[in-house]
Amino acid sequence: MKQQATGADAFAPFQQALSQGWTQALESFRQSTAQAGSAFDIGGTPLWQLPKLPELPQMPRFSIDPEKLQSIQQQYLAEATELWRQGFDARPEGDRRFAGDAWNKNPLSAFSAAVYLLNGRTMLSMAEAIDADQKTKARLRFAVEQWMAASAPSNSLAFNAEAQKKAIDTQGESIAKGIQNLLNDVKQGHLSMTDESAFEVGRNVATTEGAVVFENEFFQLLEYKPLTPKVYERPFLLVPPCINKFYILDLQPENSLIRYANEQGHRVFVVSWRNPDESMGKATWDDYIENAAIKAIHTVQEISASKQINALGFCVGGTILSTALAVLAARGEKPAASVTLLTTFLDFSDTGILDIFVDEQLVQYREMQLGNGGLLPGGDLASTFSFLRPNDLVWNYVVGNYLKGETPPPFDLLYWNSDATNLPGPFYAWYLRNTYHENKLAKPNALTVCGEKIDLGRIDIPAYIYGSREDHIVPIGGAYASTQLLPGKKRFVMGASGHIAGVINPPAKKKRSHWIREDGKFPKTQAEWLAGAQEHPGSWWTDWAQWLKGHAGKQIPAPKAYGNGKAYKAIEPAPGRYVKAKA
């Protein structure tokens, strides 16, 4: 009996640990789901903080079926028992955050990471097991993922084996450097993703030669110097997203879509949006359509003396451009010979992960907060997009910058990504309700913009529609949905990679692939379209360039001066003042 009691006593701590582990997993799940409903505060922005978790609407009450919960508990206990059996020989498998040799050589850190991964899997299983609709489940998954990303042992110097080893190897220099990096980020007001001192707009990004030929309170119109003796008679206008700065299309000469279009013989114009300040706090969606997109179209027509232009819209810029073309069509105008839409929503039925943020409660709150005036700070949107990939775009830099004392390497794309822009409140509130929430743009005559009923079916021109396969901002299905709305002759192309890397993919790099379906059929879903598509290696740019030439008209001598020598003259060199204004 004494021997049996001793065995039971020896097993008691393990039973207690399992019970505590399960209780902690349940408590972590409760806390993370509670945060999903209430703790995503959008109050005043302090001087500096980590990127702010985006707000989620209030979570409805939900329950988990007892049998499902029991099954999850049994699975947890089985895996925890195996971890206990392995002890400090346990290794965190399948997560690159813990893949370094330092983790394997530090038993305490490795065991803590393995336990963390088990708790994470368990919490996600509970999120899947709740009795709720798919949108509520998606919100819970997102909340759990944010909680797990923030609570990873790799984020703590006490458990991060790699950071500890570096501190020892550098005799504490890495810790001192990490503190210095933290103070620098406090000073600049945001988390560094790259060495921002390595870049300057107009010096080594956004350097394609050109001039500002028109400006108003909403945008500057840039015209670029031709790079060929002759240009096509129809000029080419690019409308980038107003939630970012235009130079994503002109980062470096070797990856500039603007320069590439120039080299193909087009007379290129670009909208450079003003970074809104308080004076623009009452600007509306109608203002952006009438006084920016439509004004840019008409100005390019006047400068070039061309009845028609070719136009391209990227992301929200594509939504704005398409709305403008629908307004003009309602007025009896057909200014574009073709339109190119890159990762653009026209039909907001499939918005992917962004759908979890939008419901009537949130929209009403934003309308109350911003609908009558004010600014949505650029940092708020930047934080939302960063937390769609929290490990890659937030905690990776916390660990590298502060725990390891590393300076992020220079990277032009991440410099651009950190260069945030504000949005006028009424513009944002209108956009949130009428597109993401109610999807009215896709419904003929459901919206009135600039005094006209909007029907995208009136945009009866050739359209080149591009979507990125791994896009988390405009999912490939959402990009493809435009094929079902636009009545003209269409070409849809899917590229590999995501929202930015898929678009900014110059041919010289010979990277990634793209997919084209040559039979001209556009079935209802992107999956059906893909079944008949063929993969092609390398960039989609060459296919697009060939398509665009077919709509550009004959070639004429390239202009020798910017503007037209009369009403429109060079105001200042590109990239202009507007793009340099900080949020």
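A quick note: this is a predicted structure, and the numbers were derived from the prediction, not measured. Index from 1, following the sequence.
- Ring pair Y480/W529 is tilted by interplanar angle, where 30° to 60° counts as tilted.
- Ring-plane geometry between Y431 and Y436 is classed as perpendicular, the angle between the planes exceeding 60 degrees on a 0 to 90 degree scale with a lower cut at 30.
- In this structure, T421 and C242 approach most closely via the heavy-atom pair OG1-O, 3.5 Å.
- The aromatic rings of Y464 and W544 lie perpendicular to each other, with more than 60° between the two planes, well past the 30° mark.
- Of the residues listed (Y578, Y288, F246, F218), the one engaging W273 in a ring-ring contact (aromatic ring centres under 6.0 Å, His included) is Y288, and it is the only one.
- Under the 3.5 Å distance criterion, with hydrogens and angles disregarded, a donor-acceptor pair is assigned to the side chains of R274 and S279.
- Under the side chain to side chain donor-acceptor pair (under 3.5 Å) criterion, the residue pairs touching residues 241-252 are T208-D250, K245-D419, Y247-D419, D250-S256, with sequence neighbours excluded.
- Applying the side chain to side chain donor-acceptor pair (under 3.5 Å) test to pairs two or more places apart or on separate chains, those with a residue in residues 226-239 are E233-K554.
- Judged as a salt bridge (Lys or Arg N to Asp or Glu O under 4.0 Å), not a single pair has a partner in residues 461-480 (not counting sequence neighbours).
- Using the six-membered ring where Trp is involved, F357 and F142 have ring planes that are perpendicular, over 60° apart on the 30 and 60° scheme.
- Judged as a side-chain contact (heavy atoms from CB on, under 4.5 Å), and not counting sequence neighbours, the contacts of K453 are N445, T448.
- With contacts defined as side-chain heavy-atom distances shorter than 4.5 Å, the pair I297/E333 does not qualify.
- Two residues are said to be in side-chain contact when any heavy atoms from C-beta on lie closer than 4.5 Å; N255 and L413 fail this criterion.
- For residues 310-325, every residue pair satisfying the side chain to side chain donor-acceptor pair (under 3.5 Å) rule, not counting sequence neighbours, is listed here: N310-S338.
- One side chain, S192 or Q188, offers a donor N or O that lies under 3.5 Å from an acceptor on the other.
- With Y466 as reference, W540 is the one residue of F492, W540, W515 to meet the ring-ring contact (aromatic ring centres under 6.0 Å, His included) rule.
- For K225, the side-chain contact (heavy atoms from CB on, under 4.5 Å) partners are E209, Y562, not counting sequence neighbours.
- Side-chain atoms of S349 and D347 form a donor-acceptor pair, as typed in the model, at a separation below 3.5 Å.
- In this structure, T344 contributes its side chain and L342 its backbone to a donor-acceptor pair below 3.5 Å.
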